[in-house]
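The structure displayed is predicted, hence computed values, not measured ones.
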Amino acid sequence: MTLRIGNASGFYGDRFDAMREMLTGGDLDVLTGDYLAELTMLILGRDRLKDPAGGYARTFLRQLEDCLGLAHERGVKIVSNAGGLNPARLADAVRALADRLGIPVRVAHVEGDDLTAAFPGSLAAHAYLGGFGIAACLRAGADVVVTGRVTDAALVTGPTAAHFGWRATDHDRLAGAVVAGHVLECGAQATGGNYAFFRDGDVRRPGFPLAELHEDGSCVITKHPGTGGFVDVGTVTAQLLYETGGARYAGPDVTARLDTVRLRQDGPDRVRIEGVRGEAPPPTLKVGLNRLGGFRNEVVFVLTGLDIEAKAALVREQMEPALGKATYVRWELVRTDRPDAPSEETASALLRLVVRDSDQEVVGRALSGAAVELALASYPGFHVLAPPGKGSPYGVFEEAYVPHGAVDHVAVLHDGRRVPVPQAHDTAVLDEVPEPPLPEPLPPGPTRHAPLGLVAGARSGDKGGNANVGVWARTDDAWRWLAHELTADRFRQLIPESRPLKVTRHVLPDLRALNFVVEGILGAGVADRYRFDPQAKALGEWLRSRHLDIPEALL
């Protein structure tokens with residue numbers, strides 16, 4: 001017996017037509033949509049300040065207007081976290097839409113994640129719930145289930161637990177569903193999107209992924225026939241490493257052991273995942289806290305031609321009097337210029353100024369006025385990429401943890417009944433997994449100074465203020481070299497901004513992978529926009545571009 005679960009959204013703003021594409025492209029039992037991220041919760045929190053009836057992903061409702069009838073005709077259940085900060089209101093809106101369209105669907109929702117009242121000063125504070133509230137809704141006959149903040153994988157653990165009758169103590173089965181959910185959650189990233197070796201297939205318009213899940217927790221990751229992109233062990237490995245840490249991948253339903261995951265190609269565009277072991281979940285739930293941190297402004301000065309360093313020094317000195325009151329000032333000179341450049345753009349460097357303060361006036365008129373006044377009174381060729389504005393609010397993301405019992409996890413069924421979801425009684429404190437033995441190193445031989453990316457893939461992402469970089473080898477010999485060569489110290493050498501920070505390396509031999517967690521590299525999270533790449537999306541590609549001595553036998 002197989003349950004086919006597809007995904008139609010990896011973030012709020014993903015491809016609008018994906019829901020229709022997934023419903024018409026092949027057989028499905030359940031269609032999920034992931035709309036929430038740390039930054040999204042902040043955006044929805046600001047929406048709710050303007051309109052208390054808002055706070056959910058409105059795109060989802062527009063997609064349903066086009067596809068709800070299609071899902072009903074095909075018997076496909078829809079499960080989504082698009083409820084955001086207001087799942088009850090979204091459920092009401094879906095019912096109203098169904099009534100207007102004359103489609104007899106049963107709509108349920110999950111609530112209890114909102115802990116904002118317990119964290120004064122936060123704009124939104126939400127616990128990451130598991131999938132058993134979703135399962136309760138589906139078992140009671142719901143056709144559409146919307147939630148607030150659940151883990152991304154809960155969109156898969158909920159339907160699988162409902163379909164196969166799993167209990168909270170079925171840790172291995174649940175862990176398999178968590179791994180499947182983690183692969184699906186980012187949509188086309190599992191089918192060749194954002195993939196290090198993207199030239200291995202046609203990724204101009206990758207299809208969205210689906211999982212064929214089995215009662216024992218194993219699954220096959222695939223996609224609808226005829227859709228773009230490709231699914232192979234590499235694309236699945238890349239997504240497995242995305243936004244993870246060590247071997248224990250903890251969630252409210254179960255802790256999945258990523259060091260037990262086994263992958264094998266099971267045919268064209270089919271990757272089988274098996275062997276996943278699970279452990280009891282930790283005794284606490286993660287809570288994502290979003291608050292307004294103040295106001296920020298940014299100016300990017302364009303420096304062209306000769307004397308780049310001197311031009312940068314001049315404008316910094318000229319701007320200094322206007323920056324004295326700001327609590328945070330950061331300058332970055334990005335040397336994109338080339339000598340004897342064939343175009344003005346390639347002859348130019350960028351000098352980026354970021355200012356933050358609790359007072360909008362300090363980062364607004366004071367900054368923009370000072371920058372504009374330099375238009376005819378600064379370095380030769382003075383101009384900026386865009387005029388500075390009045391300053392915009394920025395957010396800060398933090399984590400907190402509460403006991404399972406601090407949350408009233410409730411499934412609100414389609415008939416209005418409220419069913420409490422039992423808290424996890426079987427829990428285990430998370431401990432680090434001892435590092436596994438490394439493979440035998442390659443024998444000595446000639447080397448060539450070349451980019452790491454010639455022999456290894458990487459994918460990186462953000463978790464609050466931390467970044468992770470997963471690096472994997474494509475062959476056994478490359479893994480024998482990588483496991484010994486790319487230590488935490490070597491990572492710091494290759495990524496200079498990580499040198500003052502804590503870098504932890506985790507080894508996953510069955511995936512031929514290393515996962516590096518760099519603490520604090522993203523400041524206070526993506527909304528803080530601390531660095532040039534605020535979500536560390538390209539940190540892995542930067543690492544792949546760095547040169548080191550690679551055995552010629554691997555090249």
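The CG atom of Asp152 lies 11.0 Å from the CG atom of Leu184; values are rounded to the nearest 0.5 Å. Separating the CG atom in Asp172 from the OG1 atom in Thr169 is a distance of 11.0 Å, to the nearest 0.5 Å. Considering CG of Asp14 and OH of Tyr12, their distance stands at 13.0 Å, rounded to 0.5 Å. To the nearest 0.5 Å, atom CD of residue Glu73 and atom CG of residue Leu68 are 10.0 Å apart. In this structure, CG on Leu240 lies 10.0 Å from CZ on Arg459, to the nearest 0.5 angstrom. Here the CD atom belonging to Gln423 is positioned 10.0 Å from the CG atom belonging to Asp408, to the nearest 0.5 angstrom.
Glu185 places no side-chain N or O within donor-acceptor distance of the main-chain N or O of Gly10, the cut-off being under 3.5 Å. Checked by atom type and distance alone, the side chain of Glu519 never pairs as donor or acceptor with a backbone atom of Gly465 at under 3.5 Å. Between the side chain of Asp99 and the backbone N or O of Ala96, no donor-acceptor pair lies under 3.5 Å. A donor-acceptor pair is defined here as one N or O able to donate and one able to accept, closer than 3.5 Å; no such pair exists between the side chain of Arg248 and the backbone of Leu430. Side chain of Ser122 to main chain of Arg291: no donor-acceptor pair is present (N/O by atom type, distance under 3.5 Å, no hydrogens or angles). Formation of a donor-acceptor pair under 3.5 Å by the Asp269 side chain with backbone atoms of Val231 is found in this model. Side-chain N or O atoms of Arg173 include one that pairs as donor or acceptor with a backbone N or O of Glu215 at under 3.5 Å. The backbone N or O of His425 sits nowhere less than 3.5 Å from a side-chain atom of His404 that would complete a donor-acceptor pair. No donor-acceptor pair under 3.5 Å is formed between the side chain of Ser80 and the backbone N or O of Thr32. In this structure a side-chain-to-backbone donor-acceptor pair under 3.5 Å is present from Asp533 to Ala538.
Leu213 and Thr160 make their closest contact through CD1-CG2, 3.8 Å (heavy atoms, listed as atom of the first residue, atom of the second, distance). Considering all non-hydrogen atoms of both residues, Asn290 and Glu38 come closest at OD1-O, 3.4 Å. Listed here is the closest heavy atom pair of Pro281 and Thr255: CA-OG1, 3.8 Å. Closest heavy-atom contact between Leu44 and Ala57: CD2-N, 4.4 Å. Considering all non-hydrogen atoms of both residues, Gly288 and Tyr128 come closest at N-CE1, 3.7 Å. Across all non-hydrogen atoms, the minimal contact from Arg149 to Met41 is CB-CE, 4.1 Å.
Put simply, the side chain of Leu210 reaches to within 4.5 Å of the side chain of Thr222, judged on heavy atoms. Within the 4.5 Å cutoff, the side chain of His171 has heavy atoms near those of the Asp426 side chain. Considering only heavy atoms from C-beta on, Leu28 comes within 4.5 Å of Met22 through its side chain. Counting only heavy atoms from C-beta outward, the side chains of Leu263 and Leu511 approach each other to under 4.5 Å. Taking 4.5 Å as the limit, some side-chain heavy atom of Leu31 sits within range of a side-chain heavy atom of Met19. The shortest side-chain heavy-atom distance between Thr235 and Thr191 does not fall under the 4.5 Å cut-off. Between Phe397 and Asp462, the closest side-chain pair of non-hydrogen atoms is not below 4.5 Å. When side chains are defined from C-beta on, Val110 does not count as touching Pro87, because their heavy atoms never get closer than 4.5 Å.
A salt bridge links Arg48 with Asp114: at least one charged nitrogen is closer than 4.0 Å to a carboxylate oxygen. Salt bridge absent: Arg15 and Asp17 never bring a charged side-chain N and a carboxylate O closer than 4.0 Å.
Both tests hold for Arg58 against Tyr56: distance to the six-membered ring centre under 6.0 Å, angle to the ring axis within 45°. Relative to the six-membered ring of Tyr394, Arg356 meets both conditions, a distance below 6.0 Å and an angle of at most 45° to the axis.
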Q: Step by step, work out the side-chain contact (heavy atoms from CB on, under 4.5 Å) result for Thr116 and His126.
A: CA-CA 7 Å; Thr116 306; His126 290 257; 4.0 Å; yes

**Q.** Worked check of side-chain contact (heavy atoms from CB on, under 4.5 Å) between Val146 and Tyr35
**A.** CA-CA 11 Å; Val146 295; Tyr35 292 78; over 6 Å; no

Q) Going through the checks in order, is the side-chain contact (heavy atoms from CB on, under 4.5 Å) test met by Asp510 and Asp259? A) CA-CA 7 Å; Asp510 286 348; Asp259 56 345; over 6 Å; no

Q: Would you sort out whether Asp202 and Arg204 count as a salt bridge (Lys or Arg N to Asp or Glu O under 4.0 Å), showing the intermediate values?
A: CA-CA 6 Å; Asp202 184 354; Arg204 288 174 294 178; 2.7 Å; yes

Q.
Using salt bridge (Lys or Arg N to Asp or Glu O under 4.0 Å), reason through Glu399 and Lys463 one step at a time and then give a plain yes or no.
A. CA-CA 10 Å; Glu399 294 180 7; Lys463 279 294 182 185; over 6 Å; no

Q. Going through the distances and angles, do Val410 and Val419 end up as a side-chain contact (heavy atoms from CB on, under 4.5 Å)?
A. CA-CA 6 Å; Val410 176; Val419 178; 5.9 Å; no

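By the 6.0 Å contact criterion, CZ on Arg106 is enclosed, its count of non-hydrogen atoms from other residues, nucleotides or ligands being greater than 12. No more than 12 heavy atoms of other residues, nucleotides or ligands lie within 6.0 Å of CD in Glu432, so this atom counts as exposed by the packing criterion.
A donor and an acceptor atom, one from each side chain of Asn468 and Asn515, are located under 3.5 Å apart. In this structure, a donor-acceptor pair under 3.5 Å is present between the side chains of Thr157 and Asp253.
Between Tyr249 and His182, the angle of the ring planes lies from 30° to 60°, which puts this pair in the tilted group. The aromatic rings of Trp166 and Phe164 lie parallel to each other, their planes meeting at an angle below 30°, with 60° marking the opposite boundary.
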